[in-house]
Amino acid sequence: MEELNQLILQRREKLLKLQEMGINPYPYEFSRTHSSADILADFEKLQEKEVAVAGRIMSNRLMGKAAFFHIQDMPGKIQIYLKKDEVGEKTFEVYKLLDMGDIVGVNGKVFKTHTGEITIYCQKLELLSKSLRPLPIVKEKVEEGKKIVYDPFSDKELRYRQRYVDLLVNPEVREVFIKRTRIISAMRQFLNQYDFLEVQTPILQPLYGGAAARPFVTHHNALDMKLYLRIADELYLKRLIVGGFDGVYEFGNDFRNEGIDRFHNPEFTQMELYVAYKDYHWMMEFTEQLISRAAQEVLKTTRIKYQGQEIDLAPPWRRLPLFEGIKKFTGRDLAGLDENKLRREAENLGVSVEDSWGGGKIIDEIFGEFVESKLIQPTFITDYPLEMSPLAKKHRQNPQLVERFEPIIAGKEIGNAFSELNDPIDQRERFEGQMELRAKGDEEAQVLDEDFIRALEHGMPPTAGLGIGIDRLVMLLTDSPSIRDVIFFPHMRPEQSNL
RNA sequence: GGGCCAGUAGCUCAGGUGGUAGAGCAGCGGCCUUUUAAGCCGUUGGUCGGAGGUUCGAUUCCUCCCUGGCUCACCA
């Protein structure tokens with residue numbers, strides 16, 4: 001055990017004193033009648049009425065025999081006025097043993113102070129939970145309608161590691177996560193209107209697939225077998241389309257064993273959707289509806305600002321075939337070039353390529369370098385090279401391409417979709433192509449899944465599929481610069497110091 | 001993995017061309033019964049991220065390491 005510092009010791013002493021006074025510092029329940037927001041919103045009706053509120057003490061101003069403090073509950077804060085004459089000697093003594101961060105219940109009457117702040121005139125004060133650690137003290141002042149914050153709790157490492165503290169003292173963080181939930185709800189609601197079925201598929205998988213990525217590996221003791229954490233839901237959801245569901249979707253976490261940065265967390269959330277009898281053209285229209293409506297629902301507008309860039313999510317979004325995009329931004333037409341020629345083009349453009357890369361990878365690299373970051377307004381990049389997309393159906397006009405699109409917004413892809421490959425013979429060949437890449441050392445090439453092919457052999461209807469990176473979408477809609485700002489507990493290296 | 005930056009009190013930060021540190025807020029003690037970044041007086045609190053080196057002496061200089069941020073690479 002670490003030596004307790006002074007502040008913690010003082011709080012423990014207060015805890016003991018309270019217990020000696022017969023106070024249970026951790027009682028079992030408290031009946032609330034209102035939230036802080038209810039009272040602020042309904043002051044006219046509630047004035048002079050008795051209310052019961054509960055929350056955490058977030059400010060404290062003791063003035064001899066009276067005191068003001070704010071308590072914070074989920075929607076916000078409300079001020080409490082406590083007077084010794086009103087609550088009596090003992091309660092006032094209890095109050096003096098409370099600290100910032102303690103959770104209390106207050107019964108009292110609603111009134112307005114001389115300075116006009118809606119306040120509860122405390123008649124009964126009850127300790128609901130004693131806090132033993134000091135909270136960062138953030139003070140704020142409102143001046144000319146603007147909120148000035150003093151000493152904000154701003155150390156990013158501490159904020160990510162101790163999100164509970166971050167959430168308590170930085171209200172805008174809470175707002176981001178509430179929006180995150182609302183965005184997902186709005187999407188779900190939209191999907192359900194189409195009678196798509198929300199499902200759950202395995203996270204622990206004997207074979208992983210559906211994306212190009214390295215997996216996390218784990219072990220099942222009883223079966224003594226290797227299991228992988230899924231990198232995508234795709235192959236299982238398509239089995240469900242084979243099984244006769246016309247539309248299925250899943251919100252779930254995928255796990256990819258890769259580096260961590262502003263756009264990548266090893267564990268992230270995806271929504272995948274598969275719809276029978278539709279193709280990628282239909283899916284593009286669906287996607288722009290899905291995203292723009294979620295924005296409309298949650299933000300009440302489709303015009304958003306992301307890191308200073310004005311973006312309009314209202315449909316229709318631009319459609320731009322991949323090769324046209326490259327041509328537009330580099331002046332080079334790469335369509336139909338073989339691998340050697342592509343390699344030369346890459347060199348001319350100053351893009352470094354590795355020997356092991358195939359043509360598709362080189363094209364992707366050039367696209368990433370010259371095109372992607374320029375696409376600020378929502379754009380569907382369509383029609384990718386065949387070898388980059390082993391699960392997508394060949395383009396109906398050009399067998400070198402597949403019917404695939406990625407929605408790109410603010411220079412980042414937020415999803416991936418195709419007309420799904422449902423020809424089992426073609427699918428087997430594509431998997432075999434992947435296995436060859438794997439043999440050449442491409443660790444991200446996909447693995448042959450015999451059972452998936454067996455499923456396709458039973459017949460899968462023409463199907464359109466879509467994956468949306470929920471974290472990136474939330475970043476976009478909440479103007480968050482880092483994926484860590486939209487994941488409650490982003491992955492961090494273990495901390496070394498004692499707690 | 002490379003580059004740049006950062007790590008000093010619970011929080012936000014100063015400081016030091018080497019003599020073991022300061023402020024504000026919080027805390028503690030006192031005054032104060034409508035305050036609001038409450039105020040006034042007093043005051044506690046730190047292995048200056050870690051280890052090693054140079055030195056009479058290191059928080060400061062050097063080396064290595066840890067953690068984080070940004071960025072490039074890798075990667076959807």
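Values below: all heavy atoms of this structure, side chains included; hydrogens, waters and symmetry mates excluded. A, B, ... follow the sequence lines: proteins, then strands. Residue 1 opens every chain.
For A/Arg262, whose side chain is taken as the heavy atoms from C-beta onward, the closest listed nucleotide among B/C70, B/U67, B/C32 is B/C70. Taking every side-chain heavy atom of A/Met492 into account, B/G68 is the closest of B/G68, B/U71, B/G10. Distance from the side chain of A/Leu158 is smallest to B/C11 among B/C11, B/G10, B/G68. Closest approach to the A/Glu369 side chain among B/A73, B/C75, B/U34 is made by B/A73 (side chain taken as heavy atoms from C-beta onward). Each of B/U33, B/C28, B/C11 was ranked by its minimum atom distance to the side chain of A/Asp99; first place goes to B/C28. Which of B/A37, B/C32, B/C75 sits closest to the side chain of A/Leu62 comes down to B/C32.
By the neighbour-count criterion of 12 heavy atoms within 6.0 Å, atom CD of A/Gln307 is densely surrounded, having more than that number from other residues, nucleotides or ligands. The local environment of NZ in A/Lys84 is crowded, with over 12 non-hydrogen atoms from other residues, nucleotides or ligands closer than 6.0 Å. Summarising the local packing, NZ of A/Lys374 is surrounded by more than 12 heavy atoms from other residues, nucleotides or ligands at distances under 6.0 Å.
We find that CZ of A/Phe68 is positioned 12 Å from P of B/U33, with the value rounded to whole Å. One atom, OH of A/Tyr81, and another, C1' of B/U34, lie 5 Å apart when rounded to the nearest Å. What separates NZ of A/Lys83 from P of B/U34 is a distance of 8 Å, to the nearest Å. If you take CD of A/Glu140 and C1' of B/U35, they are 16 Å apart, rounded to a whole angstrom. What separates CD of A/Gln6 from P of B/G29 is a distance of 11 Å, to the nearest Å. Atom pair A/Asn257:CG and B/C75:C1' shows a separation of 11 Å (rounding to whole Å applied). Rounded to a whole Å, the CZ atom of A/Arg161 is 12 Å from the C1' atom of B/G49. As rounded to whole Å, 19 Å separates atom P of B/A23 from atom CD1 of A/Ile137.
In this structure, A/Tyr150 reaches the bases: a heavy-atom distance under 4.0 Å links it to at least one base atom across the strands shown. In this structure, A/Ala67 reaches neither bases nor backbone, as no heavy-atom distance under 4.0 Å exists between it and the strands shown. Residue A/Phe111 is in base contact, counting any heavy-atom pair closer than 4.0 Å across all strands shown. A/Lys96 comes within 4.0 angstrom of nothing in the nucleic acid, heavy atoms only. Using a 4.0 Å heavy-atom cutoff across all strands shown, A/Lys84 reaches no nucleic acid atom at all.
Separation of the C1' atoms belonging to B/A9 and B/U47 is 13 Å when rounded to the nearest angstrom. The separation of B/U43 from B/G24, taken at their C1' atoms, amounts to 16 Å, rounded to a whole angstrom. The P atoms of B/A14 and B/U34 are separated by 39 Å, rounded to the nearest whole Å. The same atom, C1', is picked in B/U54 and in B/U44; the two are 36 Å apart, to the nearest Å. Annotation: B/G7 and B/C11 have their C1' atoms spaced 15 Å apart (nearest Å). Using atom P as the reference point in both B/C28 and B/G22, the two lie 23 Å apart (nearest Å). The C1' atoms of B/G68 and B/G50 are separated by 15 Å, rounded to the nearest whole Å. With both ends at atom C1', the span from B/A23 to B/G45 equals 14 Å, rounded to whole Å.
Nucleotides of RNA chain B nearest to A/Ala66 and A/Leu98 differ in position, and the one nearer the 5' end is that of A/Leu98. Along RNA chain B, the nucleotide nearest to A/Ile260 and the one nearest to A/Arg256 differ in position, and the one closer to the 5' end is contacted by A/Ile260.
Checked against the 6.0 Å centroid threshold, A/Phe418 and A/Tyr280 do not count as a close aromatic pair. The aromatic ring centroids of A/Phe488 and A/Phe177 lie less than 6.0 Å from each other. Aromatic rings of A/Phe380 and A/Phe405 (six-membered ring for Trp) have centroids within the 6.0 Å cut-off, being under it.
You won't find any donor-acceptor pair under 3.5 Å spanning the side chain of A/Ser154 and the base of B/U12, going by distance alone. For A/Gln79 against B/U35, a side-chain N or O and a base N or O form a donor-acceptor pair under 3.5 Å. At a cut-off of 3.5 angstrom, counting only N and O atoms as typed in the model, there is no donor on one side facing an acceptor on the other between the side-chain of A/Asp155 and the base of B/G68.
Of the nucleotides present, B/G53 is the one that pairs with B/C61 by Watson-Crick or G-U wobble criteria, both distances under 3.5 Å. Across all strands shown, the partner of B/G39 is B/C31, judged by Watson-Crick or G-U wobble contacts whose two distances both fall under 3.5 Å. Shown here, B/G1 forms a base pair with B/C72; the pair counts as Watson-Crick or G-U wobble because both key distances fall under 3.5 Å.
The heavy-atom pair separating A/Pro25 from A/Leu127 by the smallest distance is CA-CD2, 3.6 Å.
Contact check, A/Lys139 against B/A26: a side-chain N or O comes under 4.0 Å of OP1 or OP2. Of the side-chain N and O atoms in A/Arg61, one or more sit less than 4.0 angstrom from OP1 or OP2 of B/A38. Using a 4.0 Å cut-off, some side-chain N or O of A/Arg484 falls inside it from OP1 or OP2 of B/G69. At B/G27, none of the side-chain N or O atoms of A/Lys14 fall inside 4.0 Å of OP1 or OP2 (strictly under the cut-off). A close approach under 4.0 Å does not occur between any side-chain nitrogen or oxygen of A/Arg133 and OP1 or OP2 of B/G10. OP1 or OP2 of B/G7 has not a single side-chain nitrogen or oxygen of A/Lys156 nearer than 4.0 Å.
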Are A/Ile71 and A/Lys77 close enough, and set up right, to give a side chain to side chain contact (heavy atoms under 4.5 Å, CB included), and what steps lead you there? CA-CA 5 Å; A/Ile71 61 171; A/Lys77 289 180 191 165; over 6 Å; no

